[in-house]
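Let me begin by presenting the structure, written as structure tokens, before commenting on it.
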Amino acid sequence: VVSTQSTGHTPSFEDEEYTTYLLGCYETYRRPFVWVRTGHERLVTRCDMYGTIDRDSPIDLQSMTRYMLEEVSVWDIIAELVLLTADPPPANPFDIDHTHLDNLPAKQQAITTGSLLHSLNGLLSTDCVWATPDVLRDMKHLALRHVHTLPSLE
């Protein structure tokens, strides 16, 4: 789920303030595909001759085009989706919105920070262009927040 603006509530899958994606890979096709599940209006990639959005077709991404020619990681796909959806696009698609985390209840913060730490650790273990020192800085802040909110899970 990609938030297009910072708010204090948790997204639902019907919430049009957020864009939700489905990323899947089928062995038959030997490549990943991405579908938009909510927030279609922010990312119109396929229209029929009447201008309606084809909500059931995978979207065309540059990373998908490059996938058959060069190594493309899930991080490249996620980065492209964030950069296409967020308004304005962030300098680094993996920057953490700490203000959003501040507005979450303690239990949700504990779960969210743990998930983010796990994901960002995966990013840093690659040679992805987005694995920057800024990501490590965000991870340090997330780790402190995570340890602080863990007692809320008891």
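In this text, all values refer to a predicted model and were calculated from it rather than measured experimentally.
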Under 3.5 Å, which donor-acceptor pairs do the side chains of residues 122-129 form with other protein atoms, sequence neighbours left out?
from	atom 1	to	atom 2	distance (Å)
Ser125	OG	Gly122	O	2.8
Thr126	OG1	Leu123	O	2.7
Thr126	OG1	Cys128	N	3.2

Those residues at least two apart in sequence (or on a different chain) that pass side-chain hydrogen bond (donor to acceptor under 3.5 Å, both in side chains) with Ser63 are Glu80

If I compare all heavy atoms of Val34 with all of Tyr21, which pair ends up nearest, and what's the gap?
CG1-CD2, 3.8 Å

Has Gln109 got a side-chain atom pairing as donor or acceptor with Leu101's backbone, closer than 3.5 angstrom?
yes

Write out all pairs satisfying salt bridge (charged side-chain N to carboxylate O under 4.0 Å, His left out) with one or both partners inside residues 98-124, taking only residues at least two apart or from two chains.
Asp102-Arg145

Determine whether a donor-acceptor pair (N or O, by modelled atom type, separation under 3.5 Å) exists between the side chain of His146 and the backbone of Ala110.
yes

Over all atoms of both residues, closest heavy-atom pair of Asp76 and Ser73
OD2-N, 2.8 Å

Answer with yes or no whether the hydrophobic clustering places Val147 together with Leu144; edges join I, L, V, M, F, W, Y residues whose side-chain heavy atoms lie under 4.5 Å apart.
no

Would you check if Cys25 and Arg31 make a side-chain contact, meaning some heavy-atom pair closer than 4.5 Å?
no

Keeping to residues at least two apart or across chains, list the ring pair (Phe, Tyr, Trp, His ring centres under 6.0 Å) pairs with something in residues 102-126.
none

Checking side chain to side chain donor-acceptor pair (under 3.5 Å) for the pair Thr112/Gln108: CA distance, chi angles, key distance, verdict?
CA-CA 6 Å; Thr112 302; Gln108 189 65 39; 3.3 Å; yes

Can you find a heavy atom in the side chain of Leu61 that is under 4.5 Å from one in the side chain of Leu84?
yes

Do Val36 and Thr20 have side chains that approach each other closer than 4.5 Å (heavy atoms only, starting at C-beta)?
no

NE2-OG1 distance between His148 and Thr113, expressed to the nearest 0.5 angstrom
11.0 Å

Is there a donor-acceptor pair under 3.5 Å between the side chain of Asn103 and the backbone N or O of His100?
no

Partner residues of Glu70 under the side-chain contact (heavy atoms from CB on, under 4.5 Å) criterion, sequence neighbours left out
Arg66, Val72

Across all chains, not counting sequence neighbours, the side-chain contact (heavy atoms from CB on, under 4.5 Å) partners of Pro89 are Leu83

Going by atom type alone, with no hydrogens or angles, which donor-acceptor pairs under 3.5 Å involve a side-chain atom of residues 130-138 and a protein atom two or more places apart or on another chain?
from	atom 1	to	atom 2	distance (Å)
Thr132	OG1	Asn92	ND2	3.3
Thr132	OG1	Asp134	N	3.3
Asp134	OD1	Arg137	NH1	3.2
Asp138	OD1	His98	NE2	3.0
Asp138	OD2	Ile96	N	3.1

With sequence neighbours excluded, residues passing side-chain hydrogen bond (donor to acceptor under 3.5 Å, both in side chains) with Ser115
none

Output every pair passing ring pair (Phe, Tyr, Trp, His ring centres under 6.0 Å) with a member in residues 59-89, not counting sequence neighbours, ordered by first then second residue.
Trp75-Phe94

According to side-chain hydrogen bond (donor to acceptor under 3.5 Å, both in side chains), who are the partners of Asp95, at least two apart in sequence or on a separate chain?
none

In the hydrophobic cluster built from side-chain contacts under 4.5 Å, what are the other members alongside Leu153?
Ile111, Leu150

The criterion is side-chain hydrogen bond (donor to acceptor under 3.5 Å, both in side chains); which residues satisfy it with Glu71, sequence neighbours excluded?
none

Minimal heavy-atom distance between Pro93 and Ala79, with the atoms involved, is CG-CB, 3.5 Å

